[in-house]
2 protein chains.
Amino acid sequence: MVEFYPSKKGGEPISRRYTITELTQMFDVTPRTLRHYEEVGLLQPERRGGQRLYNDRDRVRVQLILRGRRLGFSLAEIAEMLELYDTDPTEVAQLRDVLRRGDHRLREIEQQMEELQALREELLEMRDRLQQALNEKLKGSDPS
Amino acid sequence: MVEFYPSKKGGEPISRRYTITELTQMFDVTPRTLRHYEEVGLLQPERRGGQRLYNDRDRVRVQLILRGRRLGFSLAEIAEMLELYDTDPTEVAQLRDVLRRGDHRLREIEQQMEELQALREELLEMRDRLQQALNEKLKGSDPS
DNA sequence: CCCAACGTTGACGTTTACGTAAGTTTACAG
DNA sequence: CTGTAAACTTACGTAAACGTCAACGTTGGG
């Protein structure tokens with residue numbers, strides 16, 4: 001397994017458990033959201049009785065999911081990316097496949113970064129123009 | 001008006017007109033999409049008879065809208081940003097307001113860039129690990 | 001003038017990502 | 001044991017962003 005999720009190798013057993021409301025408070029989401037993520041297969045918490053019990057791995061996954069959402073990815077895309085982390089490819093062919101898909105995703109992300117960069121620069125230019133205009137308007141009329 | 005949209009100052013009148021299908025082919029979207037953008041107020045093409053006629057400004061706006069969508073923004077957010085470009089603030093107060101909203105959006109975008117950067121680096125690390133694993137598996141067994 | 005291609009307006013359908021309400025269970029504090 | 005808070009399931013509702021007909025208007029070439 002990747003060192004992506006908290007583990008106990010070389011440390012204390014960080015293995016906590018979280019109730020659903022604890023997680024909702026951590027991430028400011030509703031229980032429905034977490035149950036939804038489970039419905040679509042993004043989470044599989046244990047159960048004590050009927051109750052869900054999330055561990056640290058689940059918590060990190062929630063964090064990754066929410067970041068993905070903020071970045072505009074669909075839950076399906078996020079599932080794909082989490083699979084990239086998770087699948088422990090046993091065959092060479094499968095390994096190659098995961099690598100290929102990962103590289104593809106990487107290119108998309110770098111494309112997205114470029115577009116975001118462009119948007120940022122346009123907004124910066126606009127800000128400069130507006131600032132200029134503001135200074136003009138204030139020139140002499142209000143030297144406070 | 002900002003130099004954001006094509007204008008004729010200092011050049012030939014670049015003012016072309018586009019039919020709806022021309023635009024759909026340019027951007028690989030359906031007519032329904034462009035009409036939808038019009039429904040929600042993002043576009044206001046002229047009409048010849050009943051027919052829509054888009055100009056260069058419209059074309060650029062479509063481009064900006066689609067980029068916004070790829071970056072995960074909602075049409076409402078995109079509308080806000082286009083307003084930032086468009087509004088030619090006459091009053092100082094309004095100017096200040098546009099500046100404030102633009103700066104807010106800028107901070108959000110920079111936040112988004114950081115998260116995207118983090119995601120990228122995680123994917124890169126994963127790729128390295130997988131590449132490493134692949135090399136191990138191929139060591140000796142297939143020196144092609 | 002005619003018709004095929006293009007365009008238009010409703011208006012209902014679909015997908016995604018949850019919201020919300022109702023009714024039922026489970027888990028402890030007292 | 002018993003109430004009360006927390007959690008659960010089921011199921012219908014919703015907002016956004018279009019998709020998808022159906023039925024009708026427009027227009028330019030022959």
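Predicted, not measured: the structure shown is a model, and the values here were computed from it. In the text below, chain A, chain B and the rest are named by the order of the sequence lines, each starting its count at 1.
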Between dA17(D) (P) and Glu39(B) (CD): distance, integer Å
12 Å

Kindly indicate whether the side chain of Phe73(A), heavy atoms from C-beta on, has any atom under 4.5 Å from the side chain of Arg67(A).
no

Kindly write out the residues that satisfy side chain to side chain contact (heavy atoms under 4.5 Å, CB included) with Gln25(A), not counting sequence neighbours, or none if the list is empty.
none

Whole-Å gap separating P (dT20(D)) and CG (Leu34(B)):
15 Å

In chain order, what residues pass the side chain to side chain contact (heavy atoms under 4.5 Å, CB included) check against Arg120(A), with sequence neighbours excluded?
Gln117(A), Leu124(A), Leu106(B), Ile109(B), Glu110(B), Met113(B)

Rounded off to whole Å, could you give me the CG-to-C1' distance for the Leu23(A) and dC8(D) pair?
16 Å

Mind calculating the distance between CZ (Arg48(A)) and C1' (dA27(C)) to the nearest angstrom?
8 Å

Partner set under salt bridge (Lys or Arg N to Asp or Glu O under 4.0 Å) for Arg105(B), not counting sequence neighbours
Glu77(B), Glu80(B), Glu108(B)

Pairs in or reaching into residues 24-35 of chain B: which pass salt bridge (Lys or Arg N to Asp or Glu O under 4.0 Å), with residues at least two apart or in two chains?
Arg32(B)-Glu39(B)

Identify, with sequence neighbours excluded, every residue that meets salt bridge (Lys or Arg N to Asp or Glu O under 4.0 Å) alongside Asp103(A).
none

Stems in DNA chain C, runs of 3 or more consecutive Watson-Crick or G-U wobble pairs with both distances under 3.5 Å, sorted by first number, are C:1-30 with D:1-30

Can you check each nucleotide of nucleotides 7-17 of chain C against protein heavy atoms at under 4.0 Å and return B for base, S for sugar-phosphate only, - for none, in 5' to 3' order?
SBB-B-----B

Measuring to OP1 and OP2 of dG19(C), would you say a side-chain N or O of Thr30(A) lies under 4.0 angstrom away?
yes

Could you give the CG-to-P distance, from Asp28(B) to dG19(D), as a whole number of Å?
11 Å

Phe27(B) has an atom CZ; how far is it from atom P of dC18(D), in whole Å?
14 Å

Per-pair distances, 0.1 Å, donor-acceptor, side chain in residues 45-53 of chain B, under 3.5 Å, sequence neighbours excluded:
from, atom 1, to, atom 2, distance (Å)
Glu46(B), OE1, Arg17(B), NH1, 3.1
Glu46(B), OE2, Arg17(B), NH1, 2.5
Arg47(B), NH1, Gly50(B), O, 2.9
Arg47(B), NH2, Glu38(B), OE2, 2.8
Arg52(B), NE, Glu38(B), OE1, 2.6

Quick one: salt bridge (Lys or Arg N to Asp or Glu O under 4.0 Å) partners of Arg69(A), sequence neighbours excluded?
none

